[in-house]
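Predicted, not measured: the structure shown is a model, and the values here were computed from it.
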Amino acid sequence: MLAVPEPLVEPRRPSGKRLRPWVALLAALLAGATAQASDNRTLVTLINKYRQSPPACQGRQSESLGPLAPDGRLARVLVASEAQLQRALQRSGYQVAAAQVIALRGPANVNTVMSALKQHHCSLLLDPRYAEIGVLRKANTWQVIFARSLQPPELGDWQAAGRAILQQVNQARATPRNCGSQAFDAAPPVSWNAQLAKSALAHSRDMAARNYFSHQGRDGNYADVRAKRAGYDWRQIGENLAAGHLSAQQAVSGWLASPTHCPNIMNLHFTEMGAAYAVNPESDSGIYWTQVFGTPR
């Protein structure tokens with residue numbers, strides 16, 4: 001049910017003509033829907049920022065996690081209980097492997113919602129099993145679904161997946177966008193680089209084999225050293241990581257929804273890119289993605 005504030009004042013056009021009441025109501029409804037959509041995106045951004053640099057949760061220090069990818073199907077399902085969740089997701093077309101829902105009633109401000117999530121649900125925010133997220137708001141009721149979909153029968157060759165990431169990235173760079181609070185102009189496309197791809201593959205395989213998620217490899221080195229080791233003489237270097245995503249589209253969607261990963265994608269100074277994934281079913285996240293951007297000397 002929608003509550004309309006009273007009294008309803010009919011706005012006037014600059015010419016002095018009065019708008020019909022239903023036009024004013026429609027404008028109010030559209031403005032409210034736009035504001036809610038903006039709040040939903042902001043909450044996803046705040047959650048991904050929290051996962052990137054988490055504080056202690058329940059007395060234990062947590063490691064950095066990859067961003068959650070927004071999925072529209074998760075944002076359209078309204079459930080009354082946890083028991084209804086899997087059936088509702090399946091009806092929406094989402095093939096669920098694992099899912100959990102949080103419902104908050106009362107807060108009207110997105111920052112208040114985030115504070116409540118951190119205080120009462122930090123372990124779920126930092127659960128490495130989940131890769132996707134959907135936020136649905138109805139008035140002052142907020143619903144957040146964390147989920148992981150079933151793994152497709154064949155993910156494909158890592159190079160094909162890496163080039164699919166390249167395509168998704170260049171589509172994103174072609175359009176101005178906000179990365180959190182930062183505004184970015186459209187940027188020229190980046191090209192595929194085999195040495196950066198080799199560096200990305202090595203790090204993805206290391207994370208998968210050793211069951212960790214970090215820009216710092218177990219040998220203590222970071223992306224700059226790994227790129228040099230792969231033969232890339234760089235002037236600038238950047239790296240994005242993701243885990244749990246089952247497609248290139250999911251991985252890029254998560255990076256674009258993260259205020260710390262999106263700027264790498266939109267950085268106009270990067271000219272080349274390589275990307276790869278590696279799988280280990282026995283690891284916490286199952287699949288690990290690495291994307292390396294570079295500018296050669």
Exercise for review: Let me see the working for S258 and T260 under side chain to side chain donor-acceptor pair (under 3.5 Å), right down to the final yes or no.
Suggested key: CA-CA 5 Å; S258 166; T260 54; 3.1 Å; yes
**Study point:** Candidate pair Q291 and V169, rule side-chain contact (heavy atoms from CB on, under 4.5 Å), full reasoning
**Key:** CA-CA 10 Å; Q291 175 187 51; V169 163; 3.1 Å; yes
Check your understanding: Could you go step by step and tell me if Q95 and Q90 meet the side chain to side chain donor-acceptor pair (under 3.5 Å) rule?
Key -> CA-CA 6 Å; Q95 298 302 311; Q90 288 171 353; 5.7 Å; no
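In this structure, W255 and P67 have side chains that are in contact, with non-hydrogen atoms separated by less than 4.5 Å. Side-chain contact between W289 and N240: absent, with no pair of heavy atoms (C-beta onward) separated by less than 4.5 Å. D71 has its side chain out of reach of I133: every pair of non-hydrogen atoms, C-beta onward, lies at least 4.5 Å apart. The shortest side-chain heavy-atom distance between Q159 and L201 does not fall under the 4.5 Å cut-off. The side-chain heavy atoms of E272 and Y232, taken from C-beta on, include a pair separated by under 4.5 Å. Counting only heavy atoms from C-beta outward, the side chains of V190 and N170 approach each other to under 4.5 Å. Counting only heavy atoms from C-beta outward, the side chains of H203 and E239 approach each other to under 4.5 Å. Side chains of L196 and I237 form a contact here, defined as non-hydrogen atoms less than 4.5 Å apart.
Between R229 and D219, at least one side-chain nitrogen of the basic residue sits less than 4.0 Å from a carboxylate oxygen of the acidic one, meeting the salt-bridge criterion. Under the 4.0 Å criterion applied to side-chain N and carboxylate O atoms, K228 and D233 are assigned as salt-bridge partners.
A donor-acceptor pair under 3.5 Å is absent between the side-chain atoms of R148 and the main chain of G244, judged by distance alone. At distances below 3.5 Å, at least one donor-acceptor pair connects side-chain atoms of S214 with backbone N or O atoms of Q216. At least one donor-acceptor pair closer than 3.5 Å links the side chain of S283 to the backbone N or O of N280. Without hydrogens or angle criteria, N178 side chain to G180 main chain gives no donor-acceptor distance under 3.5 Å. Side-chain N or O atoms of R173 include none that pairs as donor or acceptor with a backbone N or O of P189 at under 3.5 Å. Using modelled atom types, one side-chain atom of Q143 and one backbone atom of V79 make a donor-acceptor pair closer than 3.5 Å. The backbone N or O of A139 sits less than 3.5 Å from a side-chain atom of R137, completing a donor-acceptor pair.
Using modelled atom types, one finds no donor on one side chain facing an acceptor on the other under 3.5 Å when comparing E63 with Y212. In this structure, a donor-acceptor pair under 3.5 Å is absent between the side chains of Y288 and D206.
Aromatic pair W158/Y277: ring centres not closer than 6.0 Å.
The two atoms that bring A186 and A174 nearest to each other are CB-O, 3.6 Å, heavy atoms only. In terms of heavy-atom proximity, Q250 sits nearest to H245 at OE1-CA, 3.2 Å. Between L246 and L150, the shortest heavy-atom distance links the atoms CD1-O, 3.3 Å. Of all heavy-atom pairs spanning P128 and L65, the tightest one is CB-CD2, 4.0 Å. Heavy atoms only, all atoms of each residue included: A200 and A276 are closest at CB-N, 3.9 Å. The heavy-atom pair separating L136 from A75 by the smallest distance is CD1-O, 3.3 Å.
Distance CG/L68 to OG1/T45: 11.5 Å, rounded to 0.5 Å.
Looking at P70, C262, C179 one by one, the single match for side chain to side chain contact (heavy atoms under 4.5 Å, CB included) with L256 turns out to be C262.
Residue pairs meeting the salt bridge (charged side-chain N to carboxylate O under 4.0 Å, His left out) criterion with at least one member in residues 43-62: none, sequence neighbours excluded.
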Please table the atom pairs, donor to acceptor, closer than 3.5 Å between any side-chain atom in residues 99-126 and protein atoms at least two apart or in another chain.
residue: N109; atom: OD1; partner: N111; partner atom: N; Å: 2.7
residue: N109; atom: OD1; partner: T112; partner atom: N; Å: 3.3
residue: S115; atom: OG; partner: N111; partner atom: O; Å: 3.0

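Under the ring pair (Phe, Tyr, Trp, His ring centres under 6.0 Å) criterion, F293 pairs with F270, sequence neighbours left out.
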